Amino acid sequence: MLSGFFIHRPKFAIVIAVAITLAGLLALTVIPVARYPDITPPVVTVSANYPGADAATVSNTVAVPIEQQVNGVQNELYMQSTSSSSGTYGLQVTFAIGSDPDLDAVDVQNRVSLAQAQLPQEVIQQGLTIRKASSDFVLAVNLYSPDNKFDQLAISNYAYIHLLDAITRIPGVGDARILGQMQYAMRIWLDPVRMTALGITAADVTAAIQKQNLQAAAGQIGQPPVSSGQ
């Protein structure tokens with residue numbers, strides 16, 4: 001047998017093994033990274049945000065419609081999701097090794113679009129994010145203020161404005177996120193007794209705030225065809 005030939009000639013087998021190893025090392029400098037064989041299955045992530053909702057509400061109103069449509073997508077191996085008490089939802093769809101990550105993301109996007117009609121309007125306004133990226137952490141960066149001049153809110157807001165996009169643009173980075181992200185915002189406490197007396201609902205208050213929270217484009221002064229010297 002062929003195996004017996006190499007067993008009785010160990011030196012010949014060692015020479016062949018060394019030659020294969022050297023050929024592989026030379027190929028590392030020539031073969032493009034895109035031609036390397038896939039060793040991990042592609043993953044497509046879907047994330048959504050339902051402000052003010054608890055984990056049970058997110059699971060019933062966001063997770064169920066999306067997963068009913070995404071389940072059974074072509075080349076899918078399995079999927080897992082999380083619904084947090086902060087109103088965030090995340091779905092990870094794992095596909096078979098060798099499948100095209102771009103096509104997998106398109107297939108998931110098409111399935112998610114079918115579920116948007118069943119999602120709450122607040123979720124649609126926040127937007128759904130679909131990316132072809134692994135959820136495994138490669139690097140974690142911790143920001144802190146050495147002299148305690150800035151609190152956690154200020155540091156998180158700084159990272160969101162100045163660092164998050166820059167890290168995402170680094171070649172090879174699929175996604176970057178801020179754990180426990182905090183941003184400057186305004187919280188409004190409503191008095192249910194007073195609201196009942198006035199006959200208004202939380203939706204009325206939200207609509208009034210949105211109506212006042214506008215960035216109006218007022219235009220410019222002294223532009224043509226106004227004469228020079230205006």
Side-chain angles (χ1 to χ4, degrees), residues 1-49 63 66-67 69-84 88-113 127-146 155-156 158-181:
M1 297 178 65
L2 185 61
S3 59
F5 176 83
F6 289 101
I7 292 175
H8 293 89
R9 296 169 178 82
K11 295 182 179 180
F12 183 73
I14 293 174
V15 171
I16 293 179
V18 172
I20 294 175
T21 303
L22 293 177
L25 293 176
L26 293 176
L28 288 176
T29 62
V30 179
I31 299 178
V33 177
R35 299 295 300 273
Y36 287 179
D38 297 327
I39 58 176
T40 58
V43 178
V44 176
T45 62
V46 181
S47 58
N49 188 24
I66 292 178
E67 293 174 13
Q69 296 294 339
V70 175
N71 186 33
V73 68
Q74 186 176 4
N75 295 324
E76 176 197 354
L77 293 179
Y78 58 88
M79 62 181 183
Q80 55 184 358
S81 64
T82 56
S83 301
S84 68
T88 59
Y89 167 75
L91 173 64
Q92 301 172 11
V93 186
T94 304
F95 292 87
I97 297 178
S99 61
D100 190 344
D102 295 321
L103 295 179
D104 295 338
V106 172
D107 292 338
V108 174
Q109 173 70 50
N110 294 336
R111 293 294 188 94
V112 172
S113 62
L128 286 84
T129 303
I130 300 175
R131 295 178 178 175
K132 49 172 186 177
S134 175
S135 59
D136 297 333
F137 286 97
V138 177
L139 176 66
V141 180
N142 184 29
L143 301 181
Y144 67 96
S145 178
I155 295 175
S156 177
Y158 178 86
Y160 176 77
I161 296 176
H162 300 285
L163 300 180
L164 186 62
D165 292 338
I167 295 176
T168 306
R169 289 193 297 266
I170 297 176
V173 176
D175 188 17
R177 68 186 64 178
I178 301 176
L179 300 179
Q181 180 176 343

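Please read all numbers here as calculations on a predicted model, not as lab measurements. For the single chain, residues carry numbers from 1 onward in sequence order.
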Are any of the side-chain heavy atoms of [X] and [Y] separated by less than 4.5 Å?
X: I66; Y: L128; result: yes
X: L143; Y: V141; result: yes
X: I178; Y: Y160; result: yes
X: V70; Y: V112; result: yes

Say you draw a straight line from [atom1] of [X] to [atom2] of [Y]; how long is it, rounded to the nearest 0.5 Å?
X: E67; Y: Q80; atom1: CD; atom2: CD; result: 10.5 Å
X: L91; Y: S83; atom1: CG; atom2: OG; result: 9.5 Å
X: D107; Y: Q74; atom1: CG; atom2: CD; result: 6.0 Å
X: D104; Y: T94; atom1: CG; atom2: OG1; result: 10.5 Å
X: N75; Y: L103; atom1: CG; atom2: CG; result: 9.0 Å
X: D100; Y: F95; atom1: CG; atom2: CZ; result: 11.0 Å

Partner set under side chain to side chain contact (heavy atoms under 4.5 Å, CB included) for [X], not counting sequence neighbours:
X: N71; answer: E76, M79
X: Y158; answer: H162, L163
X: T129; answer: S47, R131
X: V30; answer: none

Which residues pass the side chain to side chain donor-acceptor pair (under 3.5 Å) test with S156, sequence neighbours left out?
-> none
Considering residues at least two apart in sequence or located in another chain, which fulfil the side chain to side chain donor-acceptor pair (under 3.5 Å) criterion with S84?
-> S86, T88
Can you find a side-chain donor-acceptor pair between S81 and Q92 that sits under 3.5 Å?
-> no
Heavy-atom pair of closest approach, residues [X] and [Y]:
X: A176; Y: L164; value: O-CD1, 3.4 Å
X: Q69; Y: R111; value: O-NH1, 2.6 Å
X: S145; Y: I155; value: N-CD1, 3.7 Å
X: A96; Y: P42; value: O-CD, 3.4 Å
X: V46; Y: V108; value: CG2-CG1, 3.6 Å

Is the backbone of A17 close enough, under 3.5 Å, to the side chain of T21 for a donor and an acceptor to pair up by distance?
-> yes
